[in-house]
Structure formats: structure tokens, C-alpha cells
Q: 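For reference, the structure I am asking about is given below.
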2 protein chains.
Amino acid sequence: MNSIQTDETEAFLAEVCWHYYVNELTQSDVARVMGVTRLRVNRALQEARAAGLVRVEIASPFVARLELQAELCRKLGVSEAICAPADPETHDYHGPVGAALAHWLEKGFREGAWKAVGLSWGLTLKTAIQRLPRMTVEGLEVVSMIGGTSQGGSFNAFGVASAMADKLGANYSLFSAPIYLSPGTDRATFLAEGAFQAHLARLQTLDLAVLVAGDVTERSFLVSMGLPTGVTPQDLLAAGAVGDVLGHFLDASGAEIAHPINGSAIGLDLEGLMRVPQRVLAAAGQHKVDVIIAACRRGLVQTLITDDVTARLMLEKLR
Amino acid sequence: MNSIQTDETEAFLAEVCWHYYVNELTQSDVARVMGVTRLRVNRALQEARAAGLVRVEIASPFVARLELQAELCRKLGVSEAICAPADPETHDYHGPVGAALAHWLEKGFREGAWKAVGLSWGLTLKTAIQRLPRMTVEGLEVVSMIGGTSQGGSFNAFGVASAMADKLGANYSLFSAPIYLSPGTDRATFLAEGAFQAHLARLQTLDLAVLVAGDVTERSFLVSMGLPTGVTPQDLLAAGAVGDVLGHFLDASGAEIAHPINGSAIGLDLEGLMRVPQRVLAAAGQHKVDVIIAACRRGLVQTLITDDVTARLMLEKLR
DNA sequence: GTGTAATTTTTGCAAATGTAATTTTTGATT
DNA sequence: AATCAAAAATTACATTTGCAAAAATTACAC
């Protein structure tokens with residue numbers, strides 16, 4: 001073996017570290033003061049660090065969040081995770097998460113990262129777009145990735161896409177269609193319509209998909225207002241669903257559940273979504289923990305934006 | 001003013017520090033990951049350090065002693081201070097301090113730093129010499145700097161000098177004289193004696209003086225056995241004495257007290273001592289706190305060897 | 001003493017860091 | 001819209017650090 005011999009006494013290590021870190025001498029100076037060679041000082045510092053003799057502490061509340069984010073990246077396999085600070089009182093996640101998404105989007109737009117942005121819809125997304133500053137993004141196109149409900153107001157597909165386009169001085173296009181085909185309608189026939197074809201083509205050119213996630217309770221607008229006639233939340237739960245992304249219901253492992261509803265969703269399917277180069281998911285809340293995990297496991301998510309409370313719940317679940 | 005504008009948010013600073021210190025990226029990599037320039041990372045790190053955001057902690061019991069030593073250097077104006085670890089039970093300082101002095105001397109001898117070493121005498125010094133390893137120091141001369149008492153055994157001037165010379169294979173020379181002239185004896189006449197003249201000449205060539213300090217109580221052998229007839233500890237205390245170095249009694253400020261005894265000491269006087277290029281004082285114990293401080297204030301001491309208990313007592317006094 | 005092995009020190013160099021000068025960009029003002 | 005001032009990025013360079021190869025020293029066995 002050729003491992004270099006390094007076994008200085010702790011007193012020596014401590015003194016080297018002390019001169020170097022506390023007194024802020026250079027390694028050369030430490031060597032001179034202590035009457036040894038610079039090499040030994042250099043090695044001593046490495047040994048001390050390896051032995052955990054020196055511990056750097058970063059005294060900032062932000063560090064906890066950074067650690068949380070890194071842990072999320074590791075455990076969920078996403079390449080970026082952002083934890084907005086949740087309001088611990090109300091745990092109204094829409095505010096912080098919306099702001100974080102807005103900030104993230106703003107940065108990207110400013111860098112000119114995207115020309116065609118695909119949107120889903122929901123309260124989280126609406127909040128984010130509200131907080132987006134008014135700015136001009138040259139040649140940007142906002143494209144809705146799924147159909148909308150007939151009700152639902154400003155957080156519906158129409159409201160979300162138009163609000164964003166308005167904020168950014170962009171054009172937008174959306175499906176003039178419900179989320180789900182009614183049972184019996186032939187999907188191919190329906191989509192053969194010229195307007196839909198043009199829109200579907202646009203979806204192939206997206207360079208960013210902004211996703212949200214819904215759970216399978218009445219809290220989800222999709223569930224409470226958008227499900228096709230005859231489909232109940234209980235059906236979906238029975239099929240293993242933990243929530244939806246773009247109207248496609250996933251089980252805990254991230255696979256689409258075996259239920260006809262996934263075949264009748266109007267819009268970009270998950271395979272198509274995977275071809276969009278950049279994908280961000282903004283979602284938070286205790287009830288969404290499972291679907292967020294599922295979406296990440298499915299590999300849909302590159303950037304996850306959530307809040308610290310939800311993040312901790314997810315990590316707890318993944319432990 | 002031309003102070004560069006650096007006012008990053010704490011979140012930014014924390015993230016930079018986190019990547020740099022926790023993840024151990026280089027500054028360039030941090031810059032790349034965070035999408036900023038290396039310069040900003042570099043500045044951020046400096047700002048964070050300046051703001052106390054990063055705190056390096058050295059987890060070692062030795063650090064406390066290093067800090068103690070640095071504090072002693074600063075407060076006492078000595079260039080080197082060594083605190084041996086005292087036995088907190090017995091607080092027998094002779095062992096640790098003796099060992100520390102022995103170690104310090106051994107290092108110097110090994111480097112061939114000295115050719116002529118001046119000694120005082122006392123228990124501390126005797127202990128140190130006992131712990132000195134047997135070694136050969138080419139051409140070394142051991143010289144006693146003061147006279148001795150007629151009693152006192154192996155810690156007396158004779159015992160100390162001969163023991164050290166024996167350990168180091170050196171020659172030694174000493175005063176065949178008491179510490180103090182009896183009242184009435186003329187100093188000049190007494191020292192005109194040929195043997196003394198030769199010895200005094202040797203004292204001019206010393207390159208190291210090994211000093212100890214005594215207090216003004218019966219615990220000091222000098223006080224209990226060596227004082228000239230008619231001089232009592234009370235006399236000395238009344239004159240402001242806090243202890244002695246080389247038989248010269250000092251007041252709290254380090255000045256020699258106005259008492260005839262300082263004029264009748266046989267040996268190197270303090271002015272002569274100051275001409276010895278290197279001077280080390282080994283002393284510890286609660287009762288010696290004042291005299292050690294005094295000796296340092298007088299500028300007699302370059303290297304102070306004591307124990308941590310005494311060190312803390314001294315710093316407490318100097319606060 | 002002599003040779004050999006192990007260790008330490010020296011030396012050299014590439015990478016990383018700290019810093020200042022220059023250029024570019026940005027934002028504000030007119 | 002043009003101009004200016006301020007801020008930021010780029011560039012360039014000196015210092016410091018990390019690391020490996022070569023040289024010197026030391027330790028040890030014979």
C-alpha cells in the first residue's frame with residue numbers, strides 16, 4: 001500500500017487549525033510560526049477536516065431550507081427543489097408557493113429561456129401568475145396543455161393562460177374543450193377537428209411545462225367539478241389513484257391507474273409531457289404529499305416548487 | 001468613499017456558503033451552479049465571514065489552552081506562553097510545568113539553539129531537569145546565575161546545575177557563594193575574587209536564562225532558608241515585594257523594591273539578565289500569580305511556562 | 001561502518017482564490 | 001431617445017493552496 005503516513009497528534013492538529021482558522025494565517029505562515037514545513041500544515045488541515053475536528057457552522061435560518069431542498073432532490077430524484085417558507089399558522093400554501101413559482105418563472109423569462117410555455121390550471125398557478133410582474137417577453141407563446149371546466153372562474157384554463165399572456169405581453173392558445181371527453185365520444189374523431197390539431201401541434205414545441213398536482217378529494221376542483229359523468233372519487237381511489245397531473249391520475253408509484261378516465265383526458269398526455277425539455281411542478285399541502293411523490297417518481301418533475309411544511313411531510317413519508 | 005457595494009441578501013450568502021463549505025464546491029462551481037460570476041461568490045464568502053454567518057469551530061480540548069496561551073501573550077507582553085495541563089485535584093504544578101519546561105528545553109537543545117545556559121534554582125527547575133532526557137549537546141555550558149543556600153539538597157543551585165550538566169554531557173560552573181552577602185560585607189571586594197570574576201564573565205556570554213520565581217511566604221525556600229540575617233518576609237512585604245526573580249525582589253509593577261537586600265544579591269542582576277538574548281520563566285501556583293505578572297511587566301520574560309490553573313488566575317487578575 | 005528502507009523535506013507545478021483595473025450593462029435623468 | 005452615472009461583469013494577474021515527484025535525511029539491520 002502507498003497511503004501516506006499522517007498521524008499527527010491532536011494537539012498539533014488543533015494548533016494548526018487554530019492558527020489557520022482563528023488567527024487567519026496562511027498555511028505558509030502557520031508553518032513558519034510552528035517551525036514545520038508547509039506540507040505538514042497542509043496535510044494537518046486535511047486530516048483535521050477529515051477527522052471532523054473543524055466544523056463549519058452556517059448561522060442562518062436559510063440553511064435549513066437549503067438542506068431540505070437538497071434532501072428533496074436526492075430522495076425524489078428531481079434536479080431542483082425549492083421550498084418556499086410556509087406560513088406555519090394558516091399553512092396557506094398558495095401564497096408562498098405561488099410567489100416562489102412566480103420568482104422562478106420571472107428569472108427564466110428574463111434569461112429568455114423559453115419561447116413556448118405550457119400551462120395547466122388551478123389555484124396555485126393562478127396565485128403565481130398574479131404575482132408575476134408585468135414584463136415583455138419577446139415572442140413568447142402561452143399554451144394551455146389541457147382542456148378546462150365550464151365553471152371555475154379565474155383559475156380555470158382560460159383564466160390562467162390569458163392572465164399570464166397578459167402579464168408577459170404574449171399570445172396564448174388553449175383547448176376550447178372540456179378536460180374529459182364524455183363516455184362514448186371517440187377521441188380520434190373529436191381531436192381531428194382542425195383547431196385541436198393546430199393546438200396539439202403547438203404542444204410539441206413547448207420548451208417549458210408548468211404543472212400542478214391535484215389530490216383525490218373534494219378539495220380538488222378537478223375532482224369536484226371536472227370529472228366526467230359517472231366517475232366518482234371513490235372509483236379513482238379504488239383504482240389506486242393518489243392524485244392527478246394534467247388530468248391523468250397516478251398511483252403511489254407514479255404509474256397511471258387502470259381506469260378509462262386516463263384515456264379520455266383532452267390535452268397533452270404524460271408521454272408527450274416527457275418530451276417537453278423543462279418541466280416544473282408547483283404544489284404543496286398535506287393532502288398533496290402522495291401525488292407529488294408519485295409525479296416525481298414518474299420522472300415528470302425536474303423542478304419541484306413546494307413549501308417547507310409539505311417538504312418535511314414528504315421526507316417523513318420517504319424515510 | 002470608495003467601499004465596494006456588497007449587500008447580498010442573507011439567503012444568497014447562506015446558499016453560497018452552503019455550497020462552498022457543506023458541499024465543498026470550488027468558488028467557480030458555486031458560481032456556475034448558482035448562475036452568477038465567480039467574483040460575486042468570492043465577495044459573498046468574504047461578506048458572510050465578516051458578518052459572522054460562518055463560524056468555524058475547532059472541536060478539541062487543546063483549543064482552550066491555545067486561547068489561554070494567546071491571551072497570556074497579549075496581556076503579559078510575553079512572546080510565547082505555554083500552559084501545561086494542571087492536575088485539577090492536587091494542583092501539583094511542579095510536575096506539569098516541569099515537564100513542559102523539559103520539553104521546551106529539549107526542543108531547543110536539539111536545534112542547537114544555545115551554547116551557554118544560565119540557571120537559577122528551585123523545585124520547579126529540579127523537576128524539569130529530572131524529566132530531561134539524557135542527550136549530548138555538543139559544547140554546552142551550564143552556568144548558575146545566582147549563589148546557593150548552604151542547605152536545600154538537590155534543588156539548590158549546585159544540585160540543579162550539576163544534574164542538568166550530567167543529563168546533557170555538559171560542563172557546569174557555579175558561584176561558590178551564598179545568595180546574599182551578609183550585611184557589612186563590601187560587594188565589590190567580595191566579587192573581586194578571581195573565581196567570581198571568571199564566573200561573572202561567563203554570565204555575559206549566556207544565550208539562555210532559565211528563570212523561576214518565588215513568592216514572599218514560607219513556601220519559598222529562598223524566603224524560608226536563604227534570607228540574610230535580620231531580614232524578615234514582613235520587611236519585604238512592607239517594601240511592596242510580591243516575590244523574587246534571581247533573588248531580586250519585585251513589587252507588583254515589576255520594579256525592584258527599595259530594600260538593601262536587592263543590592264546584596266550575589267549573581268546576575270536584572271539589568272544583566274536583560275542582556276541575555278533568550279529568557280524563559282517557569283512558574284506556577286496560586287501564590288506565584290503576582291510575582292509572575294510582575295516579572296512579565298518588568299520585561300524579564302520572553303517565554304512563560306506555567307499551568308492552565310495559574311494562567312486563568314493571572315488573567316482573572318489582569319481583567 | 002555500510003547498505004537499505006522508511007520517512008521527511010524540498011521542489012515544482014497546476015488549480016483555486018483574492019484583488020484590482022477595465023469594459024459592459026443597466027437604470028435613471030433630462 | 002440620448003446621456004450620464006452607477007452597478008455589475010469581464011478580464012487579468014498575484015497569491016495561496018493542493019498535490020505529486022524528486023531529493024535528502026533518518027532509522028535500522030547487518
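A note on names: the letters A, B, ... follow the listed sequences, proteins ahead of strands, and every chain is numbered from 1.
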Q: Which of these nucleotides, D:dT17, C:dT17, D:dG18, is closest to any side-chain atom of B:Tyr20?
A: C:dT17
Q: To the nearest angstrom, how far is B:Leu39 atom CG from C:dT25 atom P?
A: 17 Å
Q: Once you round it to whole Å, what is the distance between P of D:dA9 and CZ of B:Arg43?
A: 10 Å
Q: Can you tell me the distance, in whole Å, between the CZ atom of A:Arg32 and the P atom of D:dT16?
A: 11 Å
Q: Can you tell if the side chain of A:Leu119 reaches within under 4.5 Å of the side chain of A:Val143, non-hydrogen atoms only?
A: no
Q: Could you check which of C:dG18, D:dA9, D:dC19 has an atom nearest any side-chain atom of B:Arg49?
A: C:dG18
Q: Using a 4.0 Å heavy-atom cut-off across all strands, classify B:Leu45 as base, sugar-phosphate, or nothing.
A: nothing
Q: Report yes if a donor N or O on one partner sits less than 3.5 Å from an acceptor N or O on the other, where the partners are the side chain of B:Arg38 and the base of C:dG18; otherwise report no.
A: yes
Q: To the nearest Å, give me how far apart CE (B:Met34) and P (D:dA9) are.
A: 12 Å
Q: So do B:Leu281 and B:Ile305 actually touch side chain to side chain, heavy atoms under 4.5 Å?
A: no
Q: Out of D:dT16, C:dT9, C:dT17, which has the shortest distance to the side chain of A:Thr26?
A: D:dT16
Q: Of the options C:dG18, C:dA16, C:dT10, whose atoms approach the side-chain atoms of B:Gln27 most closely?
A: C:dG18
Q: Heavy-atom count check: over 12 atoms from other residues, nucleotides or ligands less than 6.0 Å from A:Asn23 CG?
A: yes
Q: Here's one to test your reading of the geometry: is the NZ or CZ of A:Arg55 within 45 degrees of the ring axis of B:Tyr21 and under 6.0 Å from its centre?
A: no
Q: Could you tell me the separation between the CE atom of A:Met135 and the P atom of C:dG27, rounded to a whole number of Å?
A: 11 Å
Q: Rounded to the nearest Å, what distance is computed from the CD atom of residue A:Glu47 to the P atom of nucleotide D:dC19?
A: 14 Å
Q: Just checking, any donor-acceptor pair under 3.5 angstrom between side chains of B:Gln27 and B:Asn42?
A: yes
Q: Respond yes when some side-chain nitrogen or oxygen of A:Gln46 is under 4.0 Å from OP1 or OP2 of D:dT17, and no when none is.
A: no
Q: With a 4.0 Å cutoff (strictly under), does any side-chain N or O of A:Asn42 reach OP1 or OP2 of D:dT17?
A: no
